[in-house]
Chemist: 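After the structure tokens below, expect a handful of questions from me.
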Amino acid sequence: MNSTNTPTPLTLALSKGRIFDETLPLLNETGIEVLENPETSRKLILPTSQPGLQIIIVRATDVPTYVQYGAAHIGIAGKDVLYEHMEHHPGGLYQPVDLNIARCRMSVAVPHDFDYHNAVHQGARLRIATKYVRATREHFAKKGVYIDLIKLYGSMELAPLVGLADAIVDLVSTGTTLKANHLTEVEQIASISSRLIINQAALKTRQAELQPLMNALMRAAVPPKTAV
Ligand code: ATP
Ligand code: MG
């Protein structure tokens with residue numbers, strides 16, 4: 001209850017683009033319509049056909065933060081984003097189910113003329129540009145390859161083209177962006193899809209409202225597929 005004694009609506013955090021687009025059919029299947037289109041509306045809080053449920057639109061990397069602090073009770077986030085978030089913020093998030101939406105893979109990519117496997121074999125030190133520092137650090141540590149990590153916030157494909165890095169670690173779905181930038185995928189690090197995340201405290205305090213939504217989303221979830 002807030003100060004005026006009206007219950008705050010249940011809040012679902014989503015990012016615009018892929019995750020919103022692929023969550024919409026799941027919500028529709030559970031009988032929930034979103035009443036504004038985030039691509040055309042400037043609103044960041046979107047009402048739904050269910051008066052007790054609203055959607056907030058935040059950056060993909062911010063979804064776990066909103067849910068962890070309880071500003072949103074529930075959210076949907078990629079495993080890529082969750083893995084990086086959990087390194088510095090373990091706990092506070094319950095992750096009941098993989099919704100198998102927004103699927104892609106996290107891969108190493110290099111310019112067409114760079115012999116990655118040979119460089120690794122020779123024990124070369126590699127400069128890797130990425131937004132996914134934890135996943136990248138752990139992947140190369142496991143391989144026993146020394147790297148210089150260059151943290152970027154976007155457009156990783158550019159880094160090898162202008163000599164900032166030898167390779168990138170990025171998300172790939174069709175490979176079109178890599179190809180357009182003369183890059184080749186040389187190693188897959190992980191399969192990525194999006195998970196439902198729930199604020200641990202809300203799970204107890206808002207259980208009566210959360211449980212039906214969680215159950216409905218789990219039922220609507222896309223069945224798992226084998227490798228992308
Ligand atoms: P922003 O576009 O705001 O800088 P972002 O690129 O992380 O952030 P999106 O492009 O909306 O945000 O991607 C959100 C999520 O979609 C990713 O975290 C990932 O889990 C998933 N995803 C699926 N396929 C891809 C892909 N080919 N490229 C990027 N993300 C993808
Ligand atoms: Mg993007």
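Keep in mind it's a predicted model, so treat the numbers as computed, not measured. For ligands, and for the atoms within them, numbers begin at 1 and follow the listed sequence.
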Chemist: Show the atoms of ligand 1 that are less than 4.0 angstrom away from any heavy atom in L171.
Modeler: 17 (C), 19 (C), 28 (N), 29 (C), 30 (N), 31 (C)
Chemist: If you count the atoms of ligand 1 from 1 in the order shown, which ones are under 4.0 Å from a heavy atom of V81?
Modeler: 18 (O)
Chemist: Which ligand 1 atoms, with their elements, are less than 4.0 angstrom from a heavy-atom of R59?
Modeler: 1 (P), 3 (O), 4 (O)
Chemist: Quick check on F140: does its CZ atom have over 12 non-hydrogen neighbours (other residues, nucleotides or ligands) under 6.0 Å away?
Modeler: yes
Chemist: Around atom NE2 of H117, are there more than 12 heavy atoms of other residues, nucleotides or ligands at under 6.0 Å?
Modeler: yes
Chemist: Identify, by atom number and element, the atoms of ligand 1 in contact range of C104, meaning under 4.0 Å from any of its heavy atoms.
Modeler: 22 (N), 23 (C), 24 (N), 25 (C), 31 (C)
Chemist: Quick one: which ligand 1 atoms are inside 4.0 Å of a heavy atom on I192?
Modeler: 20 (O)
Chemist: Check this for me: H89, atom NE2, are more than 12 non-hydrogen atoms of other residues, nucleotides or ligands nearer than 6.0 Å?
Modeler: yes
Chemist: Counting heavy atoms only, which of M106, K131, R105, E22 is nearest atom 5 (P) of ligand 1?
Modeler: K131
Chemist: Any idea which atoms of ligand 1 are less than 4.0 Å away from a heavy-atom of I19?
Modeler: 15 (C)
Chemist: Who gets closest to atom 21 (C) of ligand 1 by heavy atom: A60, A102, A77?
Modeler: A102
Chemist: Check whether any N or O atom of S15, backbone or side chain, sits under 3.5 Å from an N or O atom of ligand 1, and answer yes or no.
Modeler: no
Chemist: With the threshold set at 4.0 Å, does a side-chain nitrogen-carboxylate oxygen contact exist between K131 and D80?
Modeler: no
Chemist: Do you reckon L99 sits in the same ILVMFWY cluster as V34, going by side-chain contacts under 4.5 Å, direct or chained?
Modeler: yes
Chemist: Using distance alone, determine whether K79 and ligand 1 share an N or O pair under 3.5 Å.
Modeler: no
Chemist: Looking at E22, K79, R103, which hits side chain to side chain donor-acceptor pair (under 3.5 Å) with S193?
Modeler: K79
Chemist: In this structure, does ligand 1 have an atom that sits under 4.0 Å from one of the heavy atoms of G17?
Modeler: no
Chemist: Among side-chain atoms of T11 and R206, is any donor-acceptor pair under 3.5 angstrom?
Modeler: no
Chemist: Using a 4.0 Å cutoff against the non-hydrogen atoms of G78, which atoms of ligand 1 qualify?
Modeler: 20 (O)
Chemist: With heavy atoms of K16 as the reference, note each atom of ligand 1 found under 4.0 Å away.
Modeler: 11 (O)
Chemist: So for ligand 1, is D80 a polar contact partner (N or O within less than 3.5 Å, distance only)?
Modeler: yes
Chemist: Determine, step by step, whether R134 and E138 satisfy the salt bridge (charged side-chain N to carboxylate O under 4.0 Å, His left out) criterion, reporting the C-alpha distance in whole Å, the side-chain angles of both residues, the deciding distance to 0.1 Å, and the verdict.
Modeler: CA-CA 6 Å; R134 180 190 186 186; E138 293 179 359; 3.1 Å; yes
Chemist: Please determine whether residues L82 and L171 belong to a single hydrophobic cluster, defined as Ile, Leu, Val, Met, Phe, Trp and Tyr linked transitively by side-chain heavy-atom distances below 4.5 Å.
Modeler: no
